[in-house]
Every structure is written in structure tokens, then in C-alpha cells.
Enquirer: 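One structure, as C-alpha cells, below. Some questions next.
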Protein chains: 2
Amino acid sequence: MDTQPDVEMIEWRSVCPISSGLDLLGDKWSLVIIRDLITHETRTYSELLSSPEHISTNILAARLRVLTTFGIIERVDPDGVARNNAFRLTRSGAALRPVLEQLATWSQTHLKRYHEAIVNVV
Amino acid sequence: MDTQPDVEMIEWRSVCPISSGLDLLGDKWSLVIIRDLITHETRTYSELLSSPEHISTNILAARLRVLTTFGIIERVDPDGVARNNAFRLTRSGAALRPVLEQLATWSQTHLKRYHEAIVNVV
DNA sequence: CCGCATCCGTTACGATACTG
DNA sequence: CAGTATCGTAACGGATGCGG
């Protein structure tokens with residue numbers, strides 16, 4: 001019956017901007033979705049599913065809902081039906097690019113000895 | 001019986017440096033610990049516990065173990081006993097500072113409308 | 001078909017009590 | 001003080017179903 005079991009609410013652990021950013025984005029999937037939308041501009045649900053990390057369908061749907069709620073992504077056609085209605089970053093979401101760039105730079109430098117296959121491009 | 005239930009192993013989801021960074025640091029606590037070690041240089045177990053986000057003891061111990069395993073933090077006295085033996089960032093961990101700075105900047109700009117109490121300092 | 005929601009087994013997390 | 005043991009809860013992951 002209740003199709004929206006998750007109350008889209010976040011418990012802010014503190015007033016610190018770092019912990020608050022992590023309250024919203026500090027999981028293994030949100031920034032992967034945002035990475036895809038940075039590199040591809042627009043991406044449908046099934047295209048996001050086809051990324052090499054293999055997110056599962058329910059997790060993807062939940063993350064897309066949260067990211068939409070907090071104005072980080074949006075539908076390309078705001079009033080269209082879901083089918084083939086891709087997502088894209090809002091201005092706010094696009095502003096996350098420097099965060100991902102810094103993370104990628106760090107990983108390439110400091111993770112290589114633990115994960116040899118890591119590549120040097122985003 | 002088995003006191004070390006976690007095999008300190010990471011499943012790298014892909015060769016992407018972003019997803020790989022998140023495989024290691026993509027949770028709600030690791031970067032909070034690193035934030036504390038950036039702002040305080042050294043920090044004991046109980047000092048880390050006293051941060052306003054209130055991490056629980058078992059989670060803190062587990063994160064410290066993983067971060068140590070991957071060379072991001074280390075004991076101030078490598079051969080000393082645990083008691084009052086603080087942690088600090090390694091060179092690798094200190095290199096995460098730009099990631100946190102970018103995240104803090106983003107949060108201050110884009111999270112304020114959802115979390116009014118957010119502060120403007122790291 | 002595509003975009004989900006639902007069900008369900010497994011894993012991670014969180015609070016608390018407890019030990020060396 | 002620095003953790004570990006325990007146990008209840010929430011999140012995840014895969015499979016499946018169903019409407020548009």
C-alpha cells in the first residue's frame with residue numbers, strides 16, 4: 001500500500017559541514033551516480049544500472065529519490081513519465097565536481113599499491 | 001571466540017578511482033575521523049569518541065583498524081601500548097585534506113537550506 | 001520492455017554492557 | 001582508557017513481479 005516507505009529525512013549529526021555532507025552523500029553509491037552524471041550529462045535509470053559497479057535496482061531507486069529530494073539531480077523532462085526520462089545534475093549537483101576530482105586524484109596516488117588495476121582517468 | 005571477525009579486505013567494485021576511493025572511505029565515519037585528525041594533529045581513542053557526532057565504540061575501533069591497515073593513520077608511538085597512544089595521519093591520510101575542503105565548501109553552499117544550523121568553518 | 005516496488009536472506013551498523 | 005561481546009535494528013543485494 002504505502003509506496004514510499006522511506007521518509008526522506010536526514011538526521012544531521014552535527015553542525016559541521018563535513019559531517020553534514022557525509023550525512024547526505026556518505027555512502028558507497030551516491031557519488032558513483034553523480035560521477036556517471038558528470039561524465040555522461042544525462043543518464044536513464046537503466047543506463048545507471050549498467051555501470052560497472054552493479055548497483056541493485058532498489059538501492060538505485062532509493063538514492064535517486066533522495067538526490068532528487070535534496071536538489072542534486074533532476075529529471076530532464078520534469079513533467080514527463082518515468083520511462084526513458086533521464087536524470088541530470090542540477091547546478092548544486094554539478095558543484096560536486098571538485099569533490100570527485102580531488103577524490104579521484106587521491107585514489108590514483110594512494111590506492112594503487114592496494115588496488116593495482118586502478119586506472120588513471122575518471 | 002574469534003575476536004577479529006572482520007577480514008580487513010575490500011572488494012573493489014571497479015577500476016574507477018572514484019568508486020575505489022569510496023570502497024575504502026565511502027561511509028559516514030571514516031572522513032569524520034580524518035577530519036578530527038586534520039584539525040587536532042593527534043587524537044586518542046577517547047578524544048575521537050568525544051566528537052559531537054557520537055560514534056560508537058565498536059565502529060570507531062573497526063574504522064581505526066581499517067584506516068591503519070591502509071596506511072591512512074598510524075599510532076604516534078608505533079611500538080607503545082594502546083593506552084593514551086594517540087593516532088595521527090600518515091602522509092597519505094594528510095593528502096585527503098583537499099577532498100575534505102572541497103566537501104566542506106560544497107556543504108556550506110548547498111546544504112544550508114536543508115540544515116540551517118550548519119556552520120561556516122571546518 | 002523500462003522503471004520501479006516488494007519480498008527476503010545476509011551483512012553492516014548502533015547502543016550498551018563488559019573486560020584487561 | 002582502549003577496546004571487545006552481544007544483540008536488536010537498519011541497510012544492502014538479488015530475485016521477482018507488475019504497471020505503463
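Just so we're on the same page: letters track the sequence lines, and every chain starts at 1.
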Enquirer: Within 45 degrees of the ring normal and closer than 6.0 Å to the centroid, is that where the cationic atom of B:R97 sits relative to A:W106?
Expert: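 The answer is no, since B:R97 fails at least one limit relative to A:W106.
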Enquirer: Phosphate oxygens OP1/OP2 of D:dA2: is one of them under 4.0 Å from a side-chain N or O of B:S46?
Expert: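 Indeed, a polar side-chain atom of B:S46 lies that close.
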Enquirer: What contact category does A:R75 fall into here, base, sugar-phosphate, or nothing, at under 4.0 angstrom with non-hydrogen atoms?
Expert: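 Sugar-phosphate contact only.
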Enquirer: Measure from CG on B:L67 to P on D:dG3 and round the result to the nearest Å.
Expert: 13 Å
Enquirer: Of A:V81 and B:L49, whose closest DNA chain D nucleotide lies nearer the 5' terminus?
Expert: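 Final value for this comparison: B:L49.
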Enquirer: Using the side-chain heavy atoms of B:Y45, tell me which of these nucleotides is nearest: D:dC12, D:dA2, C:dG14.
Expert: D:dA2
Enquirer: Should the pair A:W12 and A:F70 be assigned to parallel (<30°), tilted (30 to 60°) or perpendicular (>60°) ring geometry?
Expert: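 The rings of A:W12 and A:F70 stand perpendicular, inter-plane angle above 60°.
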Enquirer: Do any side-chain nitrogens or oxygens of B:N85 fall under 4.0 Å of OP1 or OP2 in D:dA2?
Expert: no
Enquirer: Please give, in whole Å, the distance from C:dA12 C1' to B:L24 CG?
Expert: 16 Å
Enquirer: How close or far is atom C1' of D:dA10 from atom CZ of A:R63, stated in whole angstroms?
Expert: 12 Å
Enquirer: I need the CG-C1' distance between B:D23 and C:dA12, as an integer number of Å.
Expert: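 That distance rounds to 15 Å.
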Enquirer: Select one nucleotide: of C:dC13, D:dG13, C:dA5, the one nearest the side-chain heavy atoms of A:T57.
Expert: C:dA5
Enquirer: For the pair A:R35 and A:E101, find out whether any cationic side-chain nitrogen is under 4.0 Å from an anionic carboxylate oxygen.
Expert: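 Salt bridge absent between A:R35 and A:E101.
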Enquirer: Considering only C:dC13, C:dA15, D:dG13, which nucleotide approaches the side chain of A:N58 most closely?
Expert: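 It is D:dG13.
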Enquirer: Under 4.0 Å between a side-chain N or O of A:R65 and OP1 or OP2 of C:dA5?
Expert: yes
Enquirer: B:I59 CD1 to D:dA5 P: how many Å, rounded?
Expert: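 Computing the B:I59:CD1 to D:dA5:P distance gives 14 Å.
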Enquirer: How many whole angstroms separate atom NZ of A:K28 from atom P of C:dT11?
Expert: 16 Å
Enquirer: Take atom NE2 of A:H54 and atom C1' of D:dA15, then tell me their distance rounded to the nearest Å.
Expert: 16 Å
Enquirer: Quick check for you: among C:dC13, D:dC12, D:dA2, whose closest atom lies nearest to any side-chain atom of B:D27?
Expert: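 For B:D27, the side-chain atoms sit closest to C:dC13.
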Enquirer: As a test of reading the structure: which of C:dA5, D:dC1, C:dG3 is closest to the side chain of A:A61, going by heavy atoms?
Expert: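 Closest nucleotide to the A:A61 side chain: C:dA5.
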Enquirer: Verify whether one side chain among B:S30 and B:D27 offers a donor that lies under 3.5 Å from an acceptor in the other.
Expert: yes
Enquirer: Do A:R88 and A:E41 sit within salt-bridge range, that is, some charged N less than 4.0 Å from a carboxylate O?
Expert: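 No.
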Enquirer: Can you tell me if B:W29 touches the phosphate of C:dG14, counting only side-chain N or O atoms and a distance under 4.0 Å to OP1 or OP2?
Expert: yes
Enquirer: Take atom CD of A:E53 and atom C1' of D:dG13, then tell me their distance rounded to the nearest Å.
Expert: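 For the pair A:E53 CD and D:dG13 C1', the rounded distance is 15 Å.
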Enquirer: Using a cut-off of less than 4.0 Å, is there contact between a side-chain N or O of A:R83 and OP1 or OP2 of C:dC4?
Expert: no
